[in-house]
Student: 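Got a structure for you, questions after.
Note that ligands are numbered from 1 as they come in the structure, with each ligand's atoms numbered from 1 the same way. Computed from a predicted model, the values in this text were never measured in an experiment. Along the sequence shown, the residues carry numbers beginning at 1.
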Amino acid sequence: MEENYKPLAIEEKIQQHWAQSGIFKATEDSDKEKYYCLSMFPYPSGNLHMGHVRNYTIGDVISRFQRMLGKNVMQPMGWDAFGLPAENAAMKNKVHPADWTYRNINYMRAQLQRLGFGYDWERELATCDPSYYRWEQWFFLRLLEKGLVYKKTSPVNWCPHDQTVLANEQVIDGCCWRCDTQVVKKEISQWFLKITAYADELLADLDKLDGWPEQVKTMQANWIGKSQGVEMDFSVEGTDEPIRIYTTRPDTVMGVTYVAVAAEHPLALAAAENNPAIQAFLDECKVMETSEAALETMEKKGIDSGFKAIHPITGEPVTVWIANFVLMTYGTGAVMSVPAHDQRDYEFAKKYNIPLKQVIFSAEGGDDSIAEQAFTAKGILKNSGPFDGLTSEQAVDAIADYLEKAGKGQRKTNYRLRDWGVSRQRYWGAPVPVIYCDDCGTVAVPDQDLPVELPRDVVLDGSQSPLAAHPTFPHVDCPECGKPARRDTDTFDTFMESSWYFARYAGASDEAMLSEAVNYWLPVDHYIGGIEHAILHLLYARFYTKLLRDEGLVKVDEPFKNLLTQGMVLKDGAKMSKSKGNTVDPQELIDRYGADTVRLFIMFAAPPEQSLEWSDSGVEGAFRFMKRLWRQVYLHVSQGLPTEHMDKGQLSDGQKAMRRRLHQTVQKVTDDMGRRFIFNTAIAANMELLNALAKFEDDSDNGRAIRQEALENIVLMLSPVVPHVCQVLWEQLGHSDDIVVAPWPKVDESALQQDSLEMVIQVNGKLRSKLQAPVSASREAIEEMALADAKIQSYIDGKTIRKVIVVPKKLVNIVV
Ligand code: ANZ
Ligand code: ZN
C-alpha cells in the first residue's frame, strides 16, 4: 500500500473501473426491492456550479447507501436541454443553439463523471433530442383528443419595436432588454393545458405525500388556492347584462358601498366607448404588472364608469368603478366592494371619498374601529336588516341561502390556479404538432408524421419568431384535405419536458412514450432538488403524472414519494451566483484536492436542507481528514492484516469499550442516513470513531482484530460519501469485491451491551472522582461504592453526610 494519499491517480483508476464494469447499470428485477433515486436534471448552461455539486452529491450518497442496504437502485441523469439561454448564447456567440447545447452537455457530463456519481448512463436523455420530444408531441395530441388542451387568447409581453414576444425575464423595468422600448401587453392565441380540471385532486393528494416537507406542500396548496364563496349578480341600470361578482365574505354584503370591475371587464370596455378619459385609464392599466404580489403593494387607482349597479338585497344603487386592483383572471373579474371590511377596498374608498358602512362588529367587544383601517375579522352582524345578530359564519350560510332562493346568486368554489399556457413564441423548444387549414380548421399532425422536427437552419436575431420566419417550416399540406396549410410555429414551454422526464428514464422505448418498465420503477423513491422548484415544476410533474395515469401509461397517482429540498450554497452569507461574482468553481477544487474531498466537504458542512456556507478552510479540513483516514489504514495494513479471529469471549474492558463505541457508531450512522437523511452528523460520528481508534493502542490479536473490524466499518460507512478512496482502502483491508455492492455494516447487539459504566462522583456538587459501576448495580450498591472511593474518603472524612443523591447512569452527589 502506498504511504501517502494521492487522490487524483486513485480516482481516475476507480472511475474507469466503474465505467468498464457497468456497476451502476440498473435492471428491473421483481425479486428485489427497487429504489429510484433522482436528482433534478440540470439545464446545460456550460459548467457545473456548486449548487449542482451539492444536489448531485446528496443524491449519490443516498443512492449508494440504499444500494448497500441491498436495494435495486436506479440513479439516472440527463439534460433539461431546451430553453432561452441557448438562443441568447447563439445570438451572442454566433453558434447554433444545438451545437452550444451539446457542447455544454459533453463538458458537464465529463464533470459529473469526474465527481464519481454512480449514474446509469445508459438511461441518459436530452430533452432537445427528437426521440424525446416526439413523445411529448404525441401525448399533447392525446390530450387534445380528450379536450384537456384548448386554445385561447392570452396576453404576452410584446416589444413593438422588435415585433417579438418577450419572456418575463426579458422585460427589464417594463422595457425590452434589447432596445429599451416600452413593452406592451398583446393578446395572442395560445395553447393551454387544463390543469384546473385536476385542481381538486392535486390539492387532496398533497395529504398522501408524507415524505415531502410541509413547507412545500403548503406552497402548493396556496398556489392552487381553493376558496369557497358565493357568486351573485348586481343588475346594472340601463343594460340587460348584470355584473356577476365573486366573494368569499357574503356576510359583508350589507356593507357594499360600490362595485369594482377589472379594466378588461366588458362593462369597462363599454364605458370607455365614448369616453376618452376612461379609455386612457384602460390603456394605462394595460402596461401594468399584474402579479398578485404587485397588486398588494401598488397604488390603488380607478375611475368612475358612469354605471350604477343595483344591490341584490337592498335594491339600492351603487357606483361601478373600474379599478386597477381587480384581476380579470380571478373569479369573475368583478368584486362587491366593502371598504369597511376589506383593506384594498378601504384604501380605494378613502382615496376617492366613497362612504364606508360597517356591518361586522367584534363579538368579544374587541377593537373593531374602522377609523384607521378596515376591520377584516369575522364577528357579529349589525346594520344588516334581516341578518342582524347573526355571526359571520351563520350569515355566510343565511345570505347564500337567501340569494340562491331569490335566484340572484349561488355558492361557488374558486381556485387561484390557472390553466397552464404552454405556447412559447421561441425557437429552441419542441414544436407544437398542430396544423391550421382554412377548410379543416385545427388539425393534429398524424402520429406517423411525428416528430415535427425543429429545423436547424434558422435566423436568430431576436427580432422575430424564427420558426414563423422560416422559409419552409410553416408551410405544409393539410393532413385531411391536402390543400396548403400552415403549421403552428410556437414551441412548448420547457416545463413540459421536465414534467415527465423521470418517467422516461424508467421506461424509454422507441415504440412508445413509456414502456412497461416504468411501472417497476415509479414512483421515484427520493427526489432531490432546489426549493425554487417547489411550486411550478413539482406541480406540473404531479399534474402530468395524473394525465399519464389517466392515459393508462403509468399506475401511480403521485410521482415523488420523498422529496428533499436542498439548501443554498452561500459565500460570505450571500447566495453564490455569477451576478454577485462570488462563485467558487468546483472544477478547480476537484483538480486540486480530488472529488472525494469536495464531496466530503459538501456533505459535512451542513445538513442537506439547510444552507451551506462556503469555507476554504473547511475544504482544507476535509482534505486533512482524508489523509488521516488513509494514514490509519496504512499503519494498520503495513503490520500485515490480522490472521487471528477475534475471540469475543475473551475481550478486555478496553477492547469491549472500543467495540461498543464502534457499534454505537454503526447504529447512529445507519439511523442518520437512512431515516433522518442527515449526513453531517453521520460523518462526524465516523470521524470521532477514527480518533478513538487512533488512541486504541492495542496490538494483541484481539486488539488488531478489533481495529480491522473498526476500519472496515468506517470505510464501509464513509463509502457513499467518499467512494473512491474507500474502494482502495477496502481492497487494502483484504477485500476483492466492489465496495459499491458490499453490504452495509450490521450492528452487533452483543457489542452494545455494557456491563459497566462510568459515573461521576460529586461532593457538594463539585466533581471529585469517577467510578466504574456495573450496569446492573442497585442504587444502594452505587452509593456504597461512591462512599468507599479513596479520593472521596478524603473529602468526607470527619464530616456528616446529609444526603446522597444518585442519578442513575450519570452521577452520585454527596452532600456533607
Ligand atoms: C367582498 C369582500 C368583503 C371580500 C370582505 C373580502 C373581504 P380569495 O379568498 O383569495 O379567493 N376578489 C374577488 N375577485 C377578485 C378579482 N378578480 N380581483 C381582485 N379581487 C377579487 O379572495 C376572494 C376575495 O377577493 C373576494 O371576497 C373579493 O373581495 C376579492 F370583507 O368580496 B371579497
Ligand atoms: Zn384541410
Student: Any chance the side chains of Lys308 and Thr319 put a donor and an acceptor closer than 3.5 Å?
Tutor: yes

Student: Under 3.5 Å between some N or O of ligand 1 and some N or O of His341?
Tutor: no

Student: Is the NZ atom of Lys151 crowded by more than 12 outside heavy atoms at less than 6.0 Å?
Tutor: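 Yes.
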
Student: Counting heavy atoms only, which of Thr413, Thr376, Val359, Asp342 is nearest atom 7 (C) of ligand 1?
Tutor: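 Considering heavy atoms of Thr413, Thr376, Val359, Asp342, the nearest to atom 7 (C) of ligand 1 sits in Asp342.
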
Student: Would you mind running through ligand 1 and noting each atom that sits below 4.0 Å from a heavy atom of Met336?
Tutor: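 Result: 1 (C), 32 (O).
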
Student: Find all atoms of ligand 1 within a distance of less than 4.0 Å from any non-hydrogen atom belonging to Thr252, and give their numbers and elements.
Tutor: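 Counting from 1, the qualifying ligand atoms are 3 (C), 31 (F).
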
Student: Can an N or O of Thr248 be found at a distance shorter than 3.5 Å from an N or O of ligand 1?
Tutor: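 Yes, Thr248 has an N/O under 3.5 Å of an N/O on ligand 1.
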
Student: Centroid separation under 6.0 Å, is that true for the rings of Phe677 and His526?
Tutor: yes

Student: Test side-chain hydrogen bond (donor to acceptor under 3.5 Å, both in side chains) on Asp368 and Ser362 and set out the steps.
Tutor: CA-CA 6 Å; Asp368 52 16; Ser362 170; 4.9 Å; no

Student: May I ask you to check if ligand 1 and Arg416 share an N or O to N or O distance below 3.5 Å?
Tutor: yes

Student: Can you find an N or O of Thr247 that's nearer than 3.5 Å to an N or O of ligand 1?
Tutor: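 Yes, at least one N or O pair falls under 3.5 Å.
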
Student: When the ring planes of Phe495 and His537 are compared, do they come out parallel, tilted or perpendicular, using 30° and 60° as the limits?
Tutor: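 The rings of Phe495 and His537 lie parallel, inter-plane angle below 30°.
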
Student: If you measure every N or O of Ser227 against every N or O of ligand 1, does any of those distances drop under 3.5 Å?
Tutor: yes

Student: Determine whether the side chain, the backbone, both or neither of Val335 has a heavy atom under 4.0 Å from any heavy atom of ligand 1.
Tutor: side chain

Student: Counting only heavy atoms not in Lys357, do more than 12 fall under 6.0 Å of its NZ?
Tutor: yes

Student: Which ligand 1 atoms, with their elements, are less than 4.0 angstrom from a heavy-atom of Phe325?
Tutor: 18 (N), 19 (C)

Student: Cationic tip of Arg542 within the cone over Phe560's six-membered ring, i.e. under 6.0 Å and within 45° of the normal?
Tutor: no

Student: Please identify which atoms of ligand 1 are closer than 4.0 Å to at least one heavy atom of Val326.
Tutor: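 The atoms of ligand 1 under 4.0 Å from a heavy atom of Val326 are 16 (C), 17 (N), 18 (N), 19 (C).
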
Student: So if I count the atoms of ligand 1 from 1 in the order they appear, which ones are less than 4.0 Å from some heavy atom of Tyr330?
Tutor: 8 (P), 10 (O), 11 (O), 14 (N), 15 (C), 16 (C), 17 (N)

Student: Between Phe492 and Phe82, does the ring centre distance come in under 6.0 Å?
Tutor: no

